[in-house]
Amino acid sequence: MKQILQHIKTSQRILVASHAEPDGDCLGSLVAMGMALIKLDKTITLFNPSPIPAVYRFLPGVKRIVTQIKAAEEYDLAIILDCGDIIRVGEDSSIVTQIPIVVNIDHHVSNTGFGHVQLIDTDACATAEIVYRLIQALEIPFDKAIATSIYLGILTDTGSFRFSNTNPAAFAISKAMIDIGVEPHAVAQRVFGTYSLGRIKLLNMALNSIEISENGKLSLMTVNRSMLNATGTSTEDIDGLINYARRIEDVKVAALIHEIKNGAGKFTNMNRYHVSLRSDSTVDVAKIAGKFGGGGHTSAAGFQIESTLVSLKEKIIELADDL
Ligand code: 5GP
Ligand code: MN
């Protein structure tokens with residue numbers, strides 16, 4: 001922590017970046033860190049490679065996020081948030097690695113330890129918890145906008161204070177943020193209470209796609225391009241669907257396959273897929289994702305794979321044998 005504080009104090013031009021297909025913690029941490037550094041009169045680029053999901057656009061400061069990184073020479077310091085692996089930043093990760101000092105701030109057990117300085121706390125409920133401590137240590141006052149960002153990160157990454165990463169700090173920091181002016185009901189209404197009709201119809205299709213392994217311990221949900229097209233939804237609307245598959249009685253591991261890119265050509269069924277994994281916390285899904293080249297947390301992890309859908313489904317259903 002001390003080393004990071006020193007780097008922040010001595011750097012003027014700072015890139016703050018987080019992972020593609022952002023979630024609430026990713027964006028909350030990014031915006032909170034960025035707005036805090038602006039208070040220190042730093043020159044800040046807030047970067048995320050993906051479109052901002054509609055449910056997070058209410059976040060004050062989200063408009064400052066750009067999808068373009070300047071040349072590496074334009075920065076003294078890069079702060080990478082919520083990324084288990086530098087490649088999660090997207091195609092521009094090769095630019096980021098050329099910045100003189102790269103700081104890696106994260107809470108994933110599978111973090112690769114990239115960068116020059118690391119602040120990895122796998123006991124933190126969210127990256128936002130670590131960012132909160134950092135802002136405190138920098139003695140930057142929290143305003144309502146920063147507090148809302150921190151609260152959003154904690155709220156979403158703990159699954160509304162329900163997942164196994166929900167720790168005392170989740171409540172203590174949330175209380176502190178509410179004291180500053182965060183309105184829990186207003187945030188919840190934005191994030192969980194305002195879905196498009198298409199998103200609800202996609203939920204219907206996703207529920208219909210659920211398959212269960214023979215021993216009942218694994219559930220599999222599949223979302224393909226045609227479902228998104230039929231409901232007028234996009235990738236951001238897939239967020240959270242897997243929780244329905246996990247809730248099923250006796251299920252220890254839930255998987256959600258979604259198609260991210262069309263494959264090599266029309267004569268092959270090969271596609272690129274993202275697979276999300278969730279567990280009831282008795283199974284380490286970060287380990288399973290790691291075997292496929294991905295990572296994450298004990299109870300929530302993911303990976304990407306080039307495969308045919310049939311063979312990918314087989315591989316996933318087979319995982320049930322070890323449960
Ligand atoms: P999700 O399934 O919601 O995309 O991701 C669940 C968790 O696994 C998140 O904490 C995310 O950072 C991590 N994760 C998802 N996909 C990947 C991946 O391809 N590589 C790594 N290292 N982590 C991933
Ligand atoms: Mn996170």
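The first residue in the sequence is number 1, and the count goes up from there. For ligands, and for the atoms within them, numbers begin at 1 and follow the listed sequence.
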Rounded distance (nearest 0.5 Å) linking atom [atom1] of [X] with atom [atom2] of [Y]:
X      : Y      : atom1 : atom2 : value
Met221 : Leu207 : CE    : CG    : 5.0 Å
Ile305 : Asn271 : CD1   : CG    : 12.0 Å
Asp157 : Thr127 : CG    : OG1   : 6.5 Å

Just which atoms of ligand 1 are under 4.0 Å from any heavy atom in [X]?
X      : result
Ser276 : 1 (P), 2 (O), 4 (O)
Gly294 : 20 (N), 21 (C), 22 (N)
His297 : 10 (O)
His108 : 9 (C), 10 (O), 11 (C), 12 (O)

- Could you please spell out the steps behind the side chain to side chain donor-acceptor pair (under 3.5 Å) verdict for Ser11 and Asp76? CA-CA 6 Å; Ser11 305; Asp76 309 315; 5.3 Å; no
Which is the closest N/O/S atom of [X] when seen from the Mn ion (ligand 2)?
X      : answer
Asp25  : OD2
Asp157 : OD2
Asp82  : OD1

- Query: Knowing that exactly one of Ile288, Val285, Val275 qualifies, which makes a side-chain contact (heavy atoms from CB on, under 4.5 Å) with Phe303?
  - Reply: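 With Phe303 as partner, Ile288, Val285, Val275 yield a single side-chain contact (heavy atoms from CB on, under 4.5 Å), made by Val275.
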- Show the numbers, then the answer: is there a side chain to side chain donor-acceptor pair (under 3.5 Å) between Thr43 and Gln12? CA-CA 6 Å; Thr43 311; Gln12 179 55 38; 3.0 Å; yes
- Within a radius of less than 6.0 Å around NZ of Lys201, do more than 12 heavy atoms belonging to other residues, nucleotides or ligands occur?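 No, because the 6.0 Å sphere around NZ of Lys201 holds 12 heavy atoms or fewer from other groups.
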- Task: Between Ala126, Gly295, Gly84, Ala286, flag the one that comes closest to atom 23 (N) of ligand 1 by a heavy atom.
- Result: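 Comparing heavy atoms across Ala126, Gly295, Gly84, Ala286, the nearest one to atom 23 (N) of ligand 1 lies in Gly295.
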- Taking both backbone and side-chain atoms into account, decide whether His107 has an N/O/S atom under 2.8 Å from the Mn ion (ligand 2).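 Yes - counting backbone and side chain alike, His107 has an N, O or S atom under 2.8 Å.
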- Task: May I ask you to check if any N/O/S atom from Asp106 comes under 2.8 Å of the Mn ion (ligand 2)?
- Result: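 Within the cut-off used here (under 2.8 Å), Asp106 places no N, O or S atom near the Mn ion (ligand 2).
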- Query: Can a salt bridge be assigned to the pair Lys39 and Asp143 using a cut-off of 4.0 Å between side-chain N and carboxylate O?
  - Reply: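 Here Lys39 pairs with Asp143 in a salt bridge, since their nearest N and O are under 4.0 Å apart.
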- ligand 1 contact by Arg278, heavy-atom criterion under 4.0 angstrom: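 Under 4.0 Å: yes for Arg278.
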- Going by heavy atoms, is Glu21 under 4.0 Å from ligand 1?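 For ligand 1, residue contact (heavy atoms, under 4.0 Å) with Glu21 is absent.
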- Contact check: His274 vs ligand 1, nitrogen or oxygen atoms, below 3.5 angstrom: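 Looking only at distances, the answer is yes, because the N/O contact criterion of under 3.5 Å is met.
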